[in-house]
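So the structure is just underneath, and the comments pick up after that.
Each residue takes its place number in the sequence, starting with 1. In this text the structure is predicted, and so the values were computed from the model without any measurement.
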Amino acid sequence: MGPMLESSAELFSSLYERALGWLAQEVTEPGLIVDAGSGPGVVSCLFAETFPGARIVAVDGSEPLLERARARAERQGVADRFSTITGELPDVLDELDYPADLLWASRSLHHLGDQRAALAAFAARLAPGGTLALMEGGLPPRFLPRDIGIGRPGLQARIDAVEAEWFTQMRTGLPGHVAVTEDWPALLAGAGLKHTRTHTFLLDLPAPASERARAYVVTSLSHVRERITDGLDAEDLATLDRLLDPDDEASLHRRPDVFVLEAHTVHTAVRPV
């Protein structure tokens, strides 16, 4: 998964750069930035670039992904202020040497069963005046027009419904799952944080897609196809199979109308001084 995760994060670099620029309007001269659920470290290294005076700690449960993060930091010349911690969130954050001025969690919180407890643990690792930033929510991606010339129009909208049900089942199957209303500003306030802000960032890569964007779309819909065993009818599954077949003239590999349009939302709050 490492190369795929790294390539996908690189595709989203412009979105992340705008999100980090937005954070930098209020988070000034942080000493320690923690990327909680960093994966291969693409965003961690963007933090190092955005905040040249900060120490960056990438935290993830996968040591092979953190090896990629360290290699990226070395290539980008920031290894002297870049380190990693391997372990499961949120308990692994106890290994931090000192509290964070900025703790970033990009789509890692929803993999934890008790999100409210995890937010409280994240907040506890902030320095007074430190900021917690969550990237959660947004809008489902769009890769194709509504009518793609094969199958029944509106395929992606129907996939959205199946994916939403899959996500619910994934969440309820997590160890220690606790249901919460996903009102992120309210949950941040419930963790004792103040001054909540929310902003949504758009990635708009119009057709014709670049090779990297096209590969991302193929990978995304391949994973959808692997997860979906029911929920779509036979016609939709056959359409999806055609889209993924590199030998089909109507496939994602060949068609000129493939694009990437996604919206990711960032929520922030501050630990009181």
message = Run the ring pair (Phe, Tyr, Trp, His ring centres under 6.0 Å) test against Phe47 and tell me which residues pass, sequence neighbours left out.
response = Trp104

message = Looking at Glu63 and Arg70, is there a salt bridge between them, counting it only when a charged N and a carboxylate O are closer than 4.0 Å?
response = yes

query = Quick check: does any side chain N or O of Asp60 sit under 3.5 Å from a backbone N or O of Gly39, one acting as donor and the other as acceptor?
reply = yes

request  = Establish, yes or no, whether a centroid distance under 6.0 Å links the rings of Tyr216 and Phe12.
outcome  = yes

key: Verify same cluster id: Leu174, Phe167 (apolar side-chain graph, 4.5 Å)   = yes

Val260 side chain reached by Asp204 side chain, heavy atoms, under 4.5 Å = no

inquiry  = Give me the atom names and distance for the closest heavy-atom approach of Pro256 to Ala207.
reply    = O-CB, 3.5 Å

query = Hey, does Asp101 have a side-chain heavy atom less than 4.5 Å from the side chain of Leu126?
reply = no

key: Heavy-atom closest pair, residues Arg212 and Leu11   = CG-CD1, 3.8 Å

key: Co-members of the apolar cluster containing Val78 [side chain, <4.5 Å]   = none

query = Is it true that a side-chain atom of Asp114 and a backbone atom of Gly176 form a donor plus acceptor pair closer than 3.5 Å?
reply = no

ask   = Are the side chain of Ser108 and the backbone N or O of Ala36 linked by a donor-acceptor pair below 3.5 Å?
value = yes

task = Specify the closest pair of heavy atoms between Leu112 and Ala118, including all atoms of both residues, with the distance to one decimal.
result = CD1-CB, 3.6 Å

request  = Supply the members, apart from Phe259, of the Ile/Leu/Val/Met/Phe/Trp/Tyr cluster built from side-chain contacts under 4.5 Å; use none for a lone residue.
outcome  = Leu202, Leu261

Glu262 with Arg142: basic N within carboxylate O range, under 4.0 Å = no

request  = Taking atom types as modelled, find out whether Arg107 and His264 have a side-chain donor-acceptor pair closer than 3.5 angstrom.
outcome  = yes

inquiry  = Just to verify, what does Arg158 make a salt bridge (Lys or Arg N to Asp or Glu O under 4.0 Å) with, not counting sequence neighbours?
reply    = Asp236

query = If you take all heavy atoms of Arg254 and Asp248, which pair is closest and at what distance?
reply = CD-O, 3.3 Å

request  = Name all residues meeting the ring pair (Phe, Tyr, Trp, His ring centres under 6.0 Å) criterion together with His195; count only those two or more places apart in sequence or in a different chain, and write none if there are none.
outcome  = none

query = Does atom CZ of Arg116 have more than 12 heavy-atom neighbours from other groups under 6.0 Å away?
reply = no

side-chain hydrogen bond (donor to acceptor under 3.5 Å, both in side chains) assessment of Thr268 paired with Thr131 = CA-CA 7 Å; Thr268 71; Thr131 295; over 6 Å; no

inquiry  = Is the shortest side-chain heavy-atom distance between Glu249 and Arg242 below 4.5 Å?
reply    = no

ask   = Do Asp241 and Arg225 sit within salt-bridge range, that is, some charged N less than 4.0 Å from a carboxylate O?
value = yes

task = Measure the CH2-OG1 distance between Trp184 and Thr198 for me, rounded to the nearest 0.5 Å.
result = 11.5 Å

key: Exceeds 12 heavy-atom contacts within 6.0 angstrom, atom CD of Gln76   = yes

ask   = At their closest point, which heavy atom of Ser38 faces which heavy atom of Ser44, and how far apart are they?
value = CB-OG, 3.5 Å

message = Using only atom types and a distance under 3.5 Å, with no angle test, would you say the side chain of Ser251 pairs donor to acceptor with the backbone of Asp247?
response = no

query = In Å, rounded to the nearest 0.5 Å, how long is the span from CZ of Phe143 to CD1 of Ile159?
reply = 9.0 Å

query = Which value, rounded to the nearest 0.5 Å, describes the distance between Ile56 atom CD1 and Asp35 atom CG?
reply = 8.5 Å

ask   = Between His177 and Thr172, is any side-chain donor less than 3.5 angstrom from a side-chain acceptor?
value = no

inquiry  = By the definition side chain to side chain contact (heavy atoms under 4.5 Å, CB included), identify the one residue from Asp94, Val57, Val34 that meets it with Ile85.
reply    = Val57

inquiry  = So does Leu5 get a backbone contact from the side chain of Ser8, meaning a donor-acceptor N/O pair under 3.5 Å?
reply    = no

request  = Would you check if the side chain of Gln115 reaches a backbone N or O of Val180 as a donor-acceptor pair within less than 3.5 Å?
outcome  = no

key: Least distance between heavy atoms, Thr50 atom then Ala24 atom   = CG2-CB, 4.4 Å

message = With heavy-atom distances below 4.5 Å as the criterion, would you say the side chains of Thr239 and Ile148 are in contact?
response = yes

request  = Spell out, as yes or no, whether a donor-acceptor pair under 3.5 Å connects the side chain of Arg55 to the backbone of Arg81.
outcome  = no

ask   = Within the distance-only criterion (no hydrogens, no angle test), does the side chain of Arg125 pair as donor or acceptor with the backbone N or O of Leu103 below 3.5 angstrom?
value = no

task = Would you indicate whether Asp80, at its atom CG, is surrounded by more than 12 heavy atoms from other residues, nucleotides or ligands within a distance under 6.0 Å?
result = yes

ask   = Is there side-chain contact between Pro185 and His267, with at least one heavy-atom pair below 4.5 Å?
value = yes

query = Side-chain donor-acceptor pair under 3.5 Å between Glu136 and His110, yes or no?
reply = yes

query = Looking at CZ of Phe122 and CG of Leu193, how far apart are the two atoms once the value is rounded to the nearest 0.5 Å?
reply = 11.5 Å

CA sep, side-chain torsions, deciding dist, call: Glu6, Arg72, salt bridge (Lys or Arg N to Asp or Glu O under 4.0 Å) = CA-CA 10 Å; Glu6 199 162 359; Arg72 174 175 286 267; 3.0 Å; yes

Atom CD of Glu29: over 12 foreign heavy atoms under 6.0 Å = no

inquiry  = Listing request: all salt bridge (charged side-chain N to carboxylate O under 4.0 Å, His left out) pairs with a residue in residues 176-202, at least two apart in sequence or in separate chains.
reply    = Glu26-Arg197

query = Side chains of Leu134 and Leu119: does their closest heavy-atom pair fall under 4.5 Å?
reply = yes

